[in-house]
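First comes the structure, then the notes that go with it.
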There are 2 protein chains.
Amino acid sequence: MGQKAQAIRQRIVAAADQLFYQRGYEHTSFSDIADAVGISRGNFYYHFKTKDEILNAVIDIRVDQIQRMLDAWTYEYSDPQQRILLFIDILTNNQESIKSHGCPIGSLCTELAKLSHEMLQEANVMLAVMRDWLTDQFRALGMGADARKIAMHLLARTQGIATITNAFEDQQFLRQEVKRLRQWLDEMIAQYAN
Amino acid sequence: MGQKAQAIRQRIVAAADQLFYQRGYEHTSFSDIADAVGISRGNFYYHFKTKDEILNAVIDIRVDQIQRMLDAWTYEYSDPQQRILLFIDILTNNQESIKSHGCPIGSLCTELAKLSHEMLQEANVMLAVMRDWLTDQFRALGMGADARKIAMHLLARTQGIATITNAFEDQQFLRQEVKRLRQWLDEMIAQYAN
DNA sequence: GTCTATATACGGATAGAC
DNA sequence: GTCTATCCGTATATAGAC
């Protein structure tokens, strides 16, 4: 595959990534993606044979982006609490899009579950990557055997906040829950510091 | 409309209710519903003109069922804490279906948001009814001006638990989070009892 | 009220010219 | 590599016989 094809392939995946988030996977058609990229539907199939193949590529880049982000935070900050706060701040930093479209990860998993789509297994890797990174942080804070459960708990909290913010289209709720999460984190750390 | 038509209408709504939950709204076709009820597609349109009309009817009965359930709990139990525990136990009592299909309310709101569907406004009434009932319970527990925020918090927690349980297909996580919720409730009550 | 047959649109996917 | 034209399945929705 040539360089030009690679570049277009990337543009297709980027467009699909955005559209799957905004409109959902099933509700996004090949035409939608082709229009967004500026190529014809026919040409489309030169790059991707099936819709599932695009979904697979979208999940792959998302997993990659999440991993890069977490790696960067690990590199830039040494304090686990600080790192977890950065994770919580994802909510605040994306409150407008969460209000309109929910969590890109959670809503995709929810949709794939409804479709009984095999790629749900691939999609929840996005969550697993965050879970594992968070587990590392909580373990570093002395939470030992509980670290993984606490990481899962935080993951679920963020999903719930995204779902409700989206359903009620209420950013105020998101901000209020972020405060509660920060408070919870302080309490957890204090608790395990004993 | 005759009695027979009414009965069939109810059977259609019941079938749609279940299918929308299991497969999602958009992914459920008229044929799916007609097959489930045991009538032809053509006959279908005698009862409902559009798919949105069915969605509307499904939301209406869901709101009604939720309201009845909460009214019954209010009538049968006088202790607000006991009532809230019954609400939390919805998760435990439905863990198999939540594992497979998530929360019927949250996942519908998530889908309608993606579709930019006007009926999201109707759908989040299901959440609002629960929010208001929970607010009453927390107020009765002395949480005053915070009651509504705490109710929203609990609502979000349940949504997050459902999303993660569904994404990872992990009932064990649900049970573990229910324990955490019960513990949280105890702590909240103790905190406001001072 | 219920059925079969059908109109119409759109989706994913392919063929083949250029 | 990119396009136009097209196949085919399925979806919503309608018409009209019974």
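By convention in this document, chain letters (A, B, ...) are assigned in the order of the sequence lines, proteins followed by strands, and residues within each chain are numbered from 1.
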Review point. For nucleotides 12-18 of chain C, read 5' to 3', which letter fits each nucleotide if B means a protein heavy atom sits under 4.0 Å from the base, S means only the sugar-phosphate is that close, and - means neither?
Key: SBB----
Exercise for review: Walk me through it: do B/H27 and B/D32 pass the test side-chain hydrogen bond (donor to acceptor under 3.5 Å, both in side chains)?
Suggested key: CA-CA 10 Å; B/H27 194 54; B/D32 291 335; over 6 Å; no
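OP1 or OP2 of C/dT2 has at least one side-chain nitrogen or oxygen of B/H47 nearer than 4.0 Å.
In this structure, A/F48 atom CZ and D/dG1 atom C1' are separated by 15 Å, rounded to whole Å. Rounded to whole Å, the distance from CD on B/E53 to C1' on D/dT12 is 14 Å. One atom, CZ of A/R9, and another, P of D/dG1, lie 12 Å apart when rounded to the nearest Å. A straight line from CG of B/D35 to P of D/dT12 spans 12 Å, rounded to a whole angstrom.
Between C/dT2, D/dG1, D/dT4, one nucleotide has an atom nearer to the side chain of A/S40 than all others, and that is D/dT4. Comparing C/dC3, C/dT2, D/dC3 against the side chain of B/Y46 picks out C/dT2 as the nearest.
Pairs of residues two or more places apart, or lying in two chains, that qualify as side chain to side chain donor-acceptor pair (under 3.5 Å) and include a residue from residues 141-152 of chain B are B/D146-B/Y192. Residue pairs satisfying the ring pair (Phe, Tyr, Trp, His ring centres under 6.0 Å) criterion with at least one member in residues 151-177 of chain B, sequence neighbours excluded, are listed as follows: B/H153-B/W184. Residue pairs that meet the side chain to side chain donor-acceptor pair (under 3.5 Å) test with at least one member in residues 99-112 of chain B, sequence neighbours left out, are A/K114-B/S107.
With sequence neighbours excluded, no residue forms a salt bridge (charged side-chain N to carboxylate O under 4.0 Å, His left out) with A/R175. Qualifying side-chain contact (heavy atoms from CB on, under 4.5 Å) partners for B/R83, counting only residues two or more places apart in sequence or in other chains: B/T74, B/Y77, B/W133, B/Q137.
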